[in-house]
Structures are given as structure tokens and as C-alpha cells.
Amino acid sequence: MEIEIDDQHERTIDNAGVSFKAIDPARQDGPHEIELPAVSGTIDPQAITGQIQHDGGVAFSTSNGTVQFSNLVTDLDGRVMTGEVAGQRVRLFDLSLGHSKHDHHDRYDVELDHVDGSFASEAASILNETLAVDIFSSNLRVEMELKLSTR
């Protein structure tokens with residue numbers, strides 16, 4: 001799964017001095033883009049439902065601190081992505097499939113592109129407080145691409 005900070009919000013993140021980094025084994029594909037490996041889960045490619053567990057995580061940092069989200073789960077049923085912060089599971093992103101495009105490469109593989117995400121209020125509060133910024137809210141958007149195999 002690929003997570004990318006929305007183009008129009010990259011400057012907001014940069015101007016606040018916030019870095020967006022991959023936690024191994026996730027991979028950094030650019031300053032605002034992270035590739036998370038899917039390690040388990042089940043999906044229904046026809047209904048676009050199910051849950052996917054990811055390895056690695058994402059970290060947001062400033063000179064005031066760091067917040068790490070690990071053990072990420074994309075829940076297509078609930079249209080959310082959750083992660084663990086200091087041992088607590090929190091809602092990271094609220095997801096919308098309204099503008100997404102999905103493609104079935106064969107009966108096993110599905111690709112969802114242009115999945116819109118917005119920071120959930122719980123994650124936004126943790127990030128703003130820990131990083132001593134006031135930029136995270138549901139207005140700060142990310143775009144995701146999911147490439148999943150049901151094999």
C-alpha cells in the first residue's frame with residue numbers, strides 16, 4: 001500500500017517542519033510518500049471489503065518530538081486505517097472510496113487507486129500535541145493506492 005501526502009498539503013507539512021518517514025520494513029519512496037507491505041488479511045475484490053495488516057509503519061517528527069504509528073490495519077469495511085501509538089490502537093485515517101478507481105487484473109489481484117484519506121481527529125490531536133504544531137485535522141489529506149493479491 002502506498003500512502004502519499006496530498007500535493008496541496010505537502011507545503012503545509014514542510015513549512016511546519018514536520019517530516020514523514022517510513023518505519024522499516026516500510027519503504028520511503030519520496031519525502032511525502034511511503035510504501036507499506038501488506039502481510040496478511042482478506043479482501044473481497046468484488047465488494048471491496050475486508051482488512052489488510054501492514055508491516056512497518058509511519059513516523060511524523062519535528063524538533064519537539066516523534067509520533068510513530070505501527071501495526072497498521074486498513075479496514076475497508078469500516079473505511080479506516082488504524083495504527084498503534086504507545087501501545088494504544090488509534091484511528092489514523094478516515095478513508096473514502098468515492099473517487100477511487102479499482103481494477104481487477106485477474107480473479108486474485110485488485111488495485112485501488114485514488115483512495116482519499118483524511119486524518120482522523122484522534123490521530124490529529126496526538127500529532128498536534130506531541131509535535132507542538134497546529135496543522136493536523138480532517139482537512140489535511142492523503143492519497144492512497146492499494147495493490148492487493150488474494151492468492
Enquirer: Taking the side chain as C-beta and beyond, is there a heavy-atom pair between Val133 and Val18 under 4.5 Å?
Expert: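 Counting from C-beta outward, Val133 and Val18 do come under 4.5 Å.
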Enquirer: Run the salt bridge (Lys or Arg N to Asp or Glu O under 4.0 Å) test against Asp29 and tell me which residues pass, sequence neighbours left out.
Expert: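 Arg27.
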Enquirer: Of all residues at least two apart in sequence or in a different chain, which pass the side-chain contact (heavy atoms from CB on, under 4.5 Å) check with Ala26?
Expert: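 Checked Ala26 against side-chain contact (heavy atoms from CB on, under 4.5 Å); matches are Ala22, Ile34, Leu36, Pro37.
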Enquirer: Would you name the heavy atoms of Gly65 and Leu131 that are closest together and state the gap between them?
Expert: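 Nearest pair, atom of Gly65 first, then Leu131: O-CD2, 3.1 Å.
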Enquirer: Going through the checks in order, is the side-chain contact (heavy atoms from CB on, under 4.5 Å) test met by Val80 and Leu95?
Expert: CA-CA 5 Å; Val80 297; Leu95 306 178; 5.5 Å; no
Enquirer: Tell me, which pairs form a side chain to side chain donor-acceptor pair (under 3.5 Å) where one or both residues lie in residues 15-26, sequence neighbours left out?
Expert: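 Those involving residues 15-26 do not exist here.
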Enquirer: Return the set of residues passing side chain to side chain donor-acceptor pair (under 3.5 Å) with Asp6 (not counting sequence neighbours), or none when no residue passes.
Expert: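 Applying side chain to side chain donor-acceptor pair (under 3.5 Å) to Asp6 gives none.
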Enquirer: So which pairs with a foot in residues 62-73 pass side chain to side chain donor-acceptor pair (under 3.5 Å), sequence neighbours left out?
Expert: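 Those involving residues 62-73 are Ser61-Thr66, Asn71-Glu84.
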Enquirer: Does some side-chain heavy atom of Ile126 sit less than 4.5 Å from a side-chain heavy atom of Val90?
Expert: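 With C-beta onward as the side chain, the pair touches.
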Enquirer: Measure the spacing between CD of Glu35 and CE of Met1 and express it to the nearest 0.5 Å.
Expert: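 The CE atom of Met1 is 9.5 Å from CD of Glu35, to the nearest 0.5 Å.
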Enquirer: Restricting to non-hydrogen atoms, name the atom on Leu127 and the atom on Val67 that form the minimum distance, rounded to 0.1 Å.
Expert: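 Result for this residue pair: CD2-CB, 3.7 Å.
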Enquirer: CZ of Phe20 to CD1 of Ile3: how many Å apart, nearest 0.5 Å?
Expert: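 Rounded to the nearest 0.5 Å, the CZ-CD1 separation comes out at 5.5 Å.
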Enquirer: By side-chain contact (heavy atoms from CB on, under 4.5 Å), which residues pair with Gln51, not counting sequence neighbours?
Expert: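 Checked Gln51 against side-chain contact (heavy atoms from CB on, under 4.5 Å); matches are Gln53, Val73, Asp75.
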Enquirer: Has the side chain of Asp116 got a donor or acceptor atom that lies under 3.5 Å from a matching backbone atom of Ser96?
Expert: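 It does not hold such a pair.
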Enquirer: With Glu4, which residues qualify under side-chain contact (heavy atoms from CB on, under 4.5 Å), at least two apart?
Expert: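 Checked Glu4 against side-chain contact (heavy atoms from CB on, under 4.5 Å); matches are Glu2, Asp7, Glu10, Glu33.
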Enquirer: Between Arg91 and Thr82, do the side chains contain a donor N or O and an acceptor N or O under 3.5 Å apart?
Expert: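 On atom types as modelled, these side chains do not qualify, holding no pair under 3.5 Å.
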Enquirer: Under the rule for ring pair (Phe, Tyr, Trp, His ring centres under 6.0 Å), what residues qualify as partners of Phe93, not counting sequence neighbours?
Expert: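 Ring pair (Phe, Tyr, Trp, His ring centres under 6.0 Å) check on Phe93 returns Phe119.
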Enquirer: Supply the atom-to-atom distance Ile23 CD1 to Gln28 CD, rounded to the nearest 0.5 angstrom.
Expert: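 If we round to the nearest 0.5 Å, Ile23:CD1 and Gln28:CD are 10.5 Å apart.
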Enquirer: Specify whether Phe69 and Phe60 have parallel, tilted or perpendicular ring planes, treating 30° as the upper limit for parallel and 60° as the lower limit for perpendicular.
Expert: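 Aromatic pair Phe69/Phe60 classed perpendicular.
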Enquirer: What residues, two or more places apart in sequence or in another chain, satisfy side-chain contact (heavy atoms from CB on, under 4.5 Å) together with Asp14?
Expert: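 Checked Asp14 against side-chain contact (heavy atoms from CB on, under 4.5 Å); matches are His32.
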Enquirer: Less than 4.5 Å apart, any side-chain heavy atom of Leu76 and any of Ile52?
Expert: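 Contact flag for Leu76/Ile52 side chains = yes.
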Enquirer: Suppose the criterion is side chain to side chain donor-acceptor pair (under 3.5 Å): which pairs have a residue in residues 124-142, not counting sequence neighbours?
Expert: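 Matches after skipping sequence neighbours: none remain.
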Enquirer: State which residues pass side chain to side chain donor-acceptor pair (under 3.5 Å) with Arg79; sequence neighbours excluded, sorted by chain then number.
Expert: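 With sequence neighbours excluded, Arg79 shows a side chain to side chain donor-acceptor pair (under 3.5 Å) to no residue whatsoever.
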